[in-house]
Amino acid sequence: MVRMESFSSKDMAMQAQKKILSHMANKSVVHMFIDDTSSEILDELYRVSKEYSGNRSEAQKVVKDLIKIAVKIGVLFRHNRFSPEELSLAQDFKKKLHQGAMTAISFYEVEFTFDKTVMSEILTECRDLLLKLVDSHLTPKSHGRINHVFNHYSDPELLTQLYNPDGPFKPNLTKICTGLNCLLEEGTL
């Protein structure tokens, strides 16, 4: 009995793209895949993380993980790897992310409305939806990156400092929310 070898050049190309792109998550490559507004938001998230943690390499790692995940999911979408059920999950994720952006902006624009629990829960729900979406497509290492990013930015203490009206992160939050507003107006988010 002869067994057919399951080989697909398309699968091989997708795997290679994911692998290559995950090793190239630096600023010049980011501009090829991520628009200027998103890049500016990422820069501000990096600055907040660096200042909050006091650890430059940790801040770089969390943003690098965020970029790697975004690029890998983009590759999966481009190669039509998601089932109809997964595409439904992707829509749920996009709606939750949109809700998170609207909530972040609202908390910024209306002083003294910030609620760390609400913001943290939205980010945690985004994380859980994203993990379900990529469950069978990405490695445990990538799942760890998703957890790393969302656990970092959903930290209630980080969020509290970020939204402190008299805190050092006010300029960063202003730029983040301005960028989020642009992405919402463009329909990107």
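Computed from a prediction, not measured in an experiment: that's the story for all the values here.
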Glu51 atom CD, over 12 foreign heavy atoms within 6.0 Å: no
What are the two closest heavy atoms between Val63 and Tyr153, and how far apart are they? CG2-OH, 3.7 Å
Test side-chain contact (heavy atoms from CB on, under 4.5 Å) on Asp92 and Leu133 and set out the steps. CA-CA 10 Å; Asp92 292 345; Leu133 174 65; over 6 Å; no
Do Ser38 and Asp36 have a side chain donor and acceptor closer than 3.5 Å? no
How many angstroms lie between CG in Leu129 and NZ in Lys95, if you round to the nearest 0.5 Å? 11.0 Å
Option among Lys141, Lys72, Arg145 that satisfies the salt bridge (charged side-chain N to carboxylate O under 4.0 Å, His left out) test with Asp65: Arg145
Within this structure, what is the OH-CD1 distance for the pair Tyr46 and Ile67, rounded to the nearest 0.5 Å? 11.5 Å
From CA spacing to verdict: side-chain contact (heavy atoms from CB on, under 4.5 Å), Glu125, Phe93: CA-CA 8 Å; Glu125 289 171 29; Phe93 172 75; over 6 Å; no
Given Leu130 and Leu97, is the side-chain contact (heavy atoms from CB on, under 4.5 Å) satisfied, shown in steps? CA-CA 10 Å; Leu130 194 56; Leu97 202 58; over 6 Å; no
Name every donor-acceptor pair, under 3.5 Å, that has one atom in a side chain of residues 159-166 and the other anywhere in the protein, sequence neighbours excluded.
residue: Thr160; atom: OG1; partner: Pro156; partner atom: O; Å: 2.7
residue: Gln161; atom: NE2; partner: Glu157; partner atom: OE2; Å: 3.3
residue: Tyr163; atom: OH; partner: Ala104; partner atom: O; Å: 2.9
residue: Asn164; atom: OD1; partner: Asp166; partner atom: N; Å: 2.9
residue: Asn164; atom: OD1; partner: Gly167; partner atom: N; Å: 3.4

Could you walk me through whether Lys96 and Gln99 pass the side chain to side chain donor-acceptor pair (under 3.5 Å) test, one step at a time? CA-CA 5 Å; Lys96 186 55 71 175; Gln99 177 193 357; 2.9 Å; yes
Smallest separation among heavy atoms of Leu189 and Leu180, with atom names: CD2-CD2, 3.8 Å
Do NZ/NE/NH1/NH2 and the carboxylate oxygens of Lys61 and Glu58 come within less than 4.0 Å? no
Atom pair CG/NZ of Leu87 and Lys94 - distance to nearest 0.5 Å: 12.0 Å
Kindly compute the distance separating NZ (Lys64) from CD1 (Ile69), expressed to the nearest 0.5 Å. 13.5 Å
Where do Cys182 and Thr37 come nearest, in terms of heavy atoms and distance? CB-CG2, 3.9 Å
So CG of Leu183 and CG of Asp35: to nearest 0.5 Å the spacing works out to 5.5 Å
Is the backbone N or O of Thr174 less than 3.5 Å from a side-chain atom of Thr178, with the two atoms forming a donor-acceptor pair by type? yes
Smallest separation among heavy atoms of Thr113 and Ser106, with atom names: OG1-O, 3.9 Å
Smallest heavy-atom separation, Asn147 atom then Arg127 atom, equals OD1-CD, 3.2 Å
Is a donor on one side and an acceptor on the other found under 3.5 Å between the side chain of Ser154 and the backbone of Phe150? yes
Partner of Ser49 by side-chain hydrogen bond (donor to acceptor under 3.5 Å, both in side chains), out of Glu44, Gln60, Arg56, His152: His152
Smallest heavy-atom separation, Ser57 atom then Asn55 atom, equals OG-OD1, 2.9 Å
Donor-acceptor check, side chain of His137 to backbone of Phe82, threshold 3.5 angstrom: yes or no? no
To the nearest 0.5 Å, what is the distance between CG on Asn151 and OG1 on Thr124? 7.0 Å
